[in-house]
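Have a look at the structure below, then the notes.
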Amino acid sequence: MKLKYLPNILTLLRLLLAGPVSFAILSEKPVWTLSLFLFAALSDALDGFIARHYGWQSRLGAMLDPMADKVLLVSAFLSLTLIKVIPVWLTLLVIGRDILIISGSFIYRWVVGTIQFKPSVLGKLCTLFQLSLIMTALISVALNYTKPVMILQPVVALFTIGSGLQYVVEWGRKGLRRARKCNRD
């Protein structure tokens, strides 16, 4: 195995862990769930570090990494909603934001052309708070104490709405500028 593929292998592993993490949540096995989710989160940090540090970034990795993150987050949100730790409205908000961003990027690509998508600071903070909520929820299930989950929910909701709106406004402006430029030419 060539070491330059290690970041992509870690990303694929994280993608494959979404199923076992969900199964562990639904089976109410808190130690397994925490272990698997923590391993997945650490693999995310590690693959990014290795790819940047050694210059082993790839187009495949650039596409797979955010997809693996989203699959893991969404499956954890859905599973935690099914066991009634996270409310349905928040899970729908998180999934709705992701659908909005993904469909917006497809529309932008189709109408305007190439897209070079970089996560915003607000988007990264949103993901951080979503991950924090999931970790807090998993720990809360293990300790049978859900108050910290209740406290984090409005924070996650605000960052989810804010970052979703930011992406719509930012990419809407870019699309309009590009369309105006094309009309002048």
Side-chain angles (χ1 to χ4, degrees), residues 1-87 90-91 93-95 97-99 101-102 117-153 155-157 159-160 163:
M1 171 184 90
K2 290 187 177 183
L3 285 177
K4 72 178 187 176
Y5 299 119
L6 185 59
N8 289 348
I9 291 168
L10 289 170
T11 300
L12 285 171
L13 180 62
R14 188 169 67 258
L15 185 61
L16 295 173
L17 279 174
V21 166
S22 289
F23 181 76
I25 291 170
L26 295 172
S27 300
E28 298 185 36
K29 298 190 182 299
V31 174
W32 270 107
T33 305
L34 280 167
S35 301
L36 289 169
F37 194 81
L38 190 57
F39 179 77
L42 291 174
S43 77
D44 186 24
L46 184 61
D47 76 42
F49 171 78
I50 292 171
R52 283 186 299 279
H53 184 73
Y54 294 105
W56 293 343
Q57 293 109 328
S58 68
R59 285 186 66 163
L60 178 64
M63 290 181 342
L64 280 180
D65 188 68
M67 182 172 48
D69 292 344
K70 289 301 163 197
V71 169
L72 184 65
L73 277 172
V74 167
S75 62
F77 264 95
L78 287 170
S79 299
L80 288 164
T81 299
L82 287 172
I83 64 167
K84 300 185 183 340
V85 175
I86 292 179
L90 186 55
T91 297
L93 185 64
V94 168
I95 293 170
R97 172 194 171 268
D98 291 342
I99 290 170
I101 291 170
I102 291 166
F117 189 81
K118 287 186 177 177
S120 69
V121 172
L122 192 57
K124 288 182 178 187
L125 285 171
C126 178
T127 301
L128 176 68
F129 281 114
Q130 289 176 357
L131 281 169
S132 298
L133 177 61
I134 290 169
M135 282 302 293
T136 302
L138 296 176
I139 292 167
S140 295
V141 167
L143 300 175
N144 200 22
Y145 180 68
T146 58
K147 191 166 188 140
V149 176
M150 307 276 289
I151 294 168
L152 270 175
Q153 288 174 7
V155 175
V156 169
F159 275 90
T160 301
S163 67

Determine whether [X] and [Y] make a side-chain contact, defined as any pair of heavy atoms from C-beta on separated by less than 4.5 Å.
| X | Y | value |
| --- | --- | --- |
| Met67 | Thr11 | no |
| Val141 | Thr33 | no |
| Leu13 | Ile9 | no |
| Ile50 | Leu3 | no |
| Leu6 | Asp47 | no |
| Leu131 | Leu73 | yes |
| Phe37 | Met135 | yes |
| Thr91 | Leu80 | no |

Practice problem: Mind checking side-chain hydrogen bond (donor to acceptor under 3.5 Å, both in side chains) for Ser140 and listing every partner two or more places apart, or none if nothing turns up? | Solution: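 Scan of Ser140 (side-chain hydrogen bond (donor to acceptor under 3.5 Å, both in side chains), adjacent residues dropped) gives none.
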Going from [atom1] on [X] to [atom2] on [Y], what distance comes out if it is rounded to the nearest 0.5 angstrom?
| X | Y | atom1 | atom2 | result |
| --- | --- | --- | --- | --- |
| Leu138 | Ser35 | CG | OG | 10.5 Å |
| Ser163 | Leu122 | OG | CG | 5.0 Å |
| Leu10 | Tyr5 | CG | OH | 15.0 Å |
| Leu152 | Thr136 | CG | OG1 | 5.0 Å |
| Leu38 | Ile139 | CG | CD1 | 9.0 Å |
| Leu133 | Ile86 | CG | CD1 | 4.0 Å |

Quiz item: After noting the C-alpha distance and the side-chain angles of Asp44 and Asp65, does the key distance pass the side-chain contact (heavy atoms from CB on, under 4.5 Å) rule?
Solution: CA-CA 8 Å; Asp44 186 24; Asp65 188 68; 3.3 Å; yes
Quiz item: Got a sec: does the CH2 of Trp56 have more than 12 other heavy atoms crowding it under 6.0 Å?
Solution: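 Yes, because the 6.0 Å sphere around CH2 of Trp56 holds more than 12 heavy atoms from other groups.
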Quiz item: Within a radius of less than 6.0 Å around NZ of Lys70, do more than 12 heavy atoms belonging to other residues, nucleotides or ligands occur?
Solution: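 More than 12 heavy atoms, drawn from other residues, nucleotides or ligands, come within 6.0 Å of this atom.
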Could you pull out the closest heavy-atom pair between [X] and [Y], with the gap in Å?
| X | Y | answer |
| --- | --- | --- |
| Val156 | Gln130 | CG1-CG, 3.9 Å |
| Pro66 | Gly61 | CD-O, 4.2 Å |
| Val71 | Ala18 | CG1-CB, 3.6 Å |
| Ala137 | Val149 | CA-CG2, 3.5 Å |
| Gly123 | Arg97 | CA-NH2, 4.0 Å |
| Thr81 | Pro87 | OG1-O, 4.0 Å |

Quiz prompt | Flag, side chain of Ser43 to backbone of Ala40, donor-acceptor distance under 3.5 Å | solution =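 Yes; judged by distance alone, with no hydrogens or angles, the pair exists.
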Practice problem: Using distance alone, with no hydrogens and no angle criterion, decide if Asn8 and Ser58 have a side-chain donor and acceptor under 3.5 Å apart. | Solution: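 Short answer, yes.
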Quiz item: Quick one: ring-ring contact (aromatic ring centres under 6.0 Å, His included) pairs with a partner in residues 118-146, sequence neighbours left out?
Solution: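 Residue pairs passing ring-ring contact (aromatic ring centres under 6.0 Å, His included), neighbours aside: Phe129-Phe159.
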Quiz prompt | Sole residue of Leu72, Val94, Leu82 in side chain to side chain contact (heavy atoms under 4.5 Å, CB included) with Phe77 | solution =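 Of the listed options, the one satisfying the test is Val94.
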